[in-house]
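Heads up, the thing below is written out as structure tokens.
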Number of protein chains: 2
Amino acid sequence: MKENSPKGVKEIARRANVAIATVDRVIHNRTGVSAKTREKVKKVIAELDYQPNLLASRLASGKIITLAVLIPSVTDETDFWDAPLRGIQRAEQEISQYGVKVESYFFSLKDPKSFTAQTTKILKAGVDGIVLSPSFISEAEIFVAKCKEREIPFVFIDSNLPDQPSLSYIGPPLFQSGYLAGRLCTYSLNEGSKVVLLNITKALDSYTYKQIEKGFRAYFSDQKHSLTILRVDIHQTDFKSVANQLQTLFAKNPTTAAVFVTNSRTSLVARYLDGAPFPKKPILVGYDLVKDNRSFLAKGTIDFLICHQPEDQGYRSVMALYQSLVFSTKINKEYYMPIDIVTKENQAYYRN
Amino acid sequence: MKENSPKGVKEIARRANVAIATVDRVIHNRTGVSAKTREKVKKVIAELDYQPNLLASRLASGKIITLAVLIPSVTDETDFWDAPLRGIQRAEQEISQYGVKVESYFFSLKDPKSFTAQTTKILKAGVDGIVLSPSFISEAEIFVAKCKEREIPFVFIDSNLPDQPSLSYIGPPLFQSGYLAGRLCTYSLNEGSKVVLLNITKALDSYTYKQIEKGFRAYFSDQKHSLTILRVDIHQTDFKSVANQLQTLFAKNPTTAAVFVTNSRTSLVARYLDGAPFPKKPILVGYDLVKDNRSFLAKGTIDFLICHQPEDQGYRSVMALYQSLVFSTKINKEYYMPIDIVTKENQAYYRN
DNA sequence: TATGGTTCCGGGTACGTACCCGTAAATTTA
DNA sequence: TAAATTTACGGGTACGTACCCGGAACCATA
């Protein structure tokens, strides 16, 4: 019952009549092999459909692969990035068994300089691969240019810079996500009323918001709805400012039937709606099952949250790099997360 | 910069003044070590917070872990199980690198005997762990009893036998899933109309359908809806029979406003609805983004599909066994999949 | 005390690959 | 054509763990 035939490089060496070291050179395209020998060995490798034993390989090399993760820090304003971080840590734990280390770097969403500072650290640390959220476009572009120069692969998480040579983008399909938001806004909607598209943000990450807005508008033009879309930008993220602006908004537009918040700050609107008297509460649609949104969803103030499995985004980003570096697996340039609809009824089982 | 301190068992052996083999005996609780020595070694292991190098361990042992998967085969009637199978194969591919083999066994949902026949094969093959869908309750109970006897761990996928000593159940939270179905049926619903709960199945897997039905009814009693829930069972799964029964059903109940199909055969109803004249098409809610359902969802005949990430179920089932066997990771007795709402707008990005 | 049987323990090799080092052969240079 | 390089290749050890095998120490019995 025992398979006594030697395996791997040893068998290749035997069949090709060369030393193991030579086989090794061929496998790793190293120099020091004549063209003739190289061909001979390659042929045997192909014949045997040789698959290197990764256990042995990693063990022998002793090398530790280091990955860097660069994402926004969790703040009291939003804990959105807590979820990707959890996924990243889960991935880390899984692959740490196999000689891979993951180092996390955090920057402040309020401060592009903190982003750049961290990129410097990462480059100095000399890592083998990078996961990053390119929240600040021009800063990120500078960084990835340097990565490319150094041949360090990187993947974008949650938001994308489509024209950059990233290994992959792992995040939501923004246009379609906005499109679905349109649909969700129109459940039990009477014709002729107004719909508000609400950006609450300091730094308008143009690409992300633009794509969402395009999708949102596309839904209504596809449906030939006759209602008005009112786009409102609020550049303050504290509750008071938001409440003030909403006050004015609703005073001017009493027939507002739905509000779509383009990011996770949906709870700010919910909080306002809960405190204001409405004959018929507008439908509220937003993003992300963050802590502050949870209770409003449970209460019914928020009707729908669109989510893109942030934890899984973190997990997959790290794993994509790992797969690429260790197994040389081909990675899709775009990996779109599903567009999940989270409601009061299914939120308990949503894996954030 | 080089860490020259010996690692692992060697270092333990040095510190405890014993041979490597003795350390090995202690680690694997083998016999042949005096109580005194054992204690001494254990102390050193604790001090060093020793983590075995899995690469080296798996390499040296050379053992191949074999897992068996027992699921229904894909038929032309439903390709639901294609998705879990894909997930299983993805997992297999990932861990085959590390000396794990996965063997798939298929049975026919129409024939309990085929299930039993495959279980016999599996036991004969002598595997280290099993993933199974316990579609036939009593047959499955007999099988898992044997597994328990032989101390072979097993996990249930997609449907559960709660009282059995499984390592884990990986599948949907059925009650809550039915509950959400209730909610989905009531979008744009006028009071006073009827809702149909429709089971189209030959073998009524009592536990699964009962749980879904309970959840479905619970929603309506929670909402204090005044409408009637009409439960209908159709025991034939071919289109003609189903169409006939639906004909009678709708003739008798013209005010039917929504139909909830409790499994993936939703497309049969959609096909009927498409061909029948309706003043107002009832809302159609069902399960699973299988091939036959896709086009009806895109057309709008099916309004909502509830899905539980079947591919991921397959992936996670295999990985749970792997984690448990290789890393001795603790596995949750229940791992509930999220309850996803799939619509025309987000189906393109749904990872089935 | 000799004999036989346990119990306990250490030496040593193997797993499949990476890579250092030394040397023979081929090539260039003088 | 001999010497100096360069190129090509093989021997051999190491990675950290598993496990075989053989020997010493201990114990019991006659």
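Every value quoted in this text rests on a predicted model; they were computed, and no experiment measured them. Reminder, nothing fancy here: chain letters follow the sequence lines and each chain counts from 1.
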Residue mapping more 5' on DNA chain C - nearest nucleotide basis, A:A21 or B:A21: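 Residue closer to the 5' terminus by nearest nucleotide: B:A21.
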
5′-ward residue of the pair B:A56/B:V18 relative to DNA chain C: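 Result of the comparison: B:V18.
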
Side-chain N or O of [X] versus OP1/OP2 of [N]: is the shortest distance under 4.0 Å?
X	N	result
A:Y50	C:dG16	no
A:R30	C:dC19	yes
B:S34	C:dC9	yes
B:T37	C:dC8	no
B:S57	D:dA18	yes
A:T22	D:dC9	no
B:K63	D:dC19	yes

Short N-O contact, B:K43 and B:E39, less than 4.0 angstrom: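 No, B:K43 and B:E39 are not salt-bridged.
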
Sidechain N-carboxylate O distance under 4.0 Å for B:K101, B:D128: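 No salt bridge links B:K101 with B:D128.
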
[atom1] of [X] versus [atom2] of [N]: gap in Å, rounded?
X	N	atom1	atom2	result
B:D24	C:dT13	CG	P	17 Å
B:N17	C:dG11	CG	P	11 Å
B:R25	D:dC20	CZ	P	11 Å
B:K10	C:dG10	NZ	C1'	15 Å
A:L59	D:dT13	CG	P	18 Å
B:K36	C:dC9	NZ	C1'	13 Å
B:N53	D:dT17	CG	C1'	8 Å
B:L55	C:dG16	CG	C1'	12 Å

Touch class at under 4.0 angstrom, heavy-atom based, for B:T31 against every strand present: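 No contact at all - B:T31 keeps every heavy atom at 4.0 Å or more from the nucleic acid.
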
Residue A:P52, side-chain heavy atoms: nucleotide from C:dG16, C:dA18, C:dT17 that is nearest: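 Ranking C:dG16, C:dA18, C:dT17 by closest atom to the A:P52 side chain puts C:dT17 first.
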
Polar side-chain atom of A:R351 near backbone of B:Y336 as donor-acceptor pair, under 3.5 Å: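 Checking the backbone N and O of B:Y336 against the side chain of A:R351, a donor-acceptor pair under 3.5 Å is found.
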
Heavy atoms from other residues, nucleotides or ligands near NZ of A:K121 exceed 12 (cutoff 6.0 Å):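 No, NZ of A:K121 has 12 or fewer neighbouring heavy atoms, counting only those of other groups under 6.0 Å.
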
is_close_aromatic(B:F156, B:F154), centroid dist under 6.0 Å: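 Centroid separation for B:F156 and B:F154: below 6.0 Å.
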
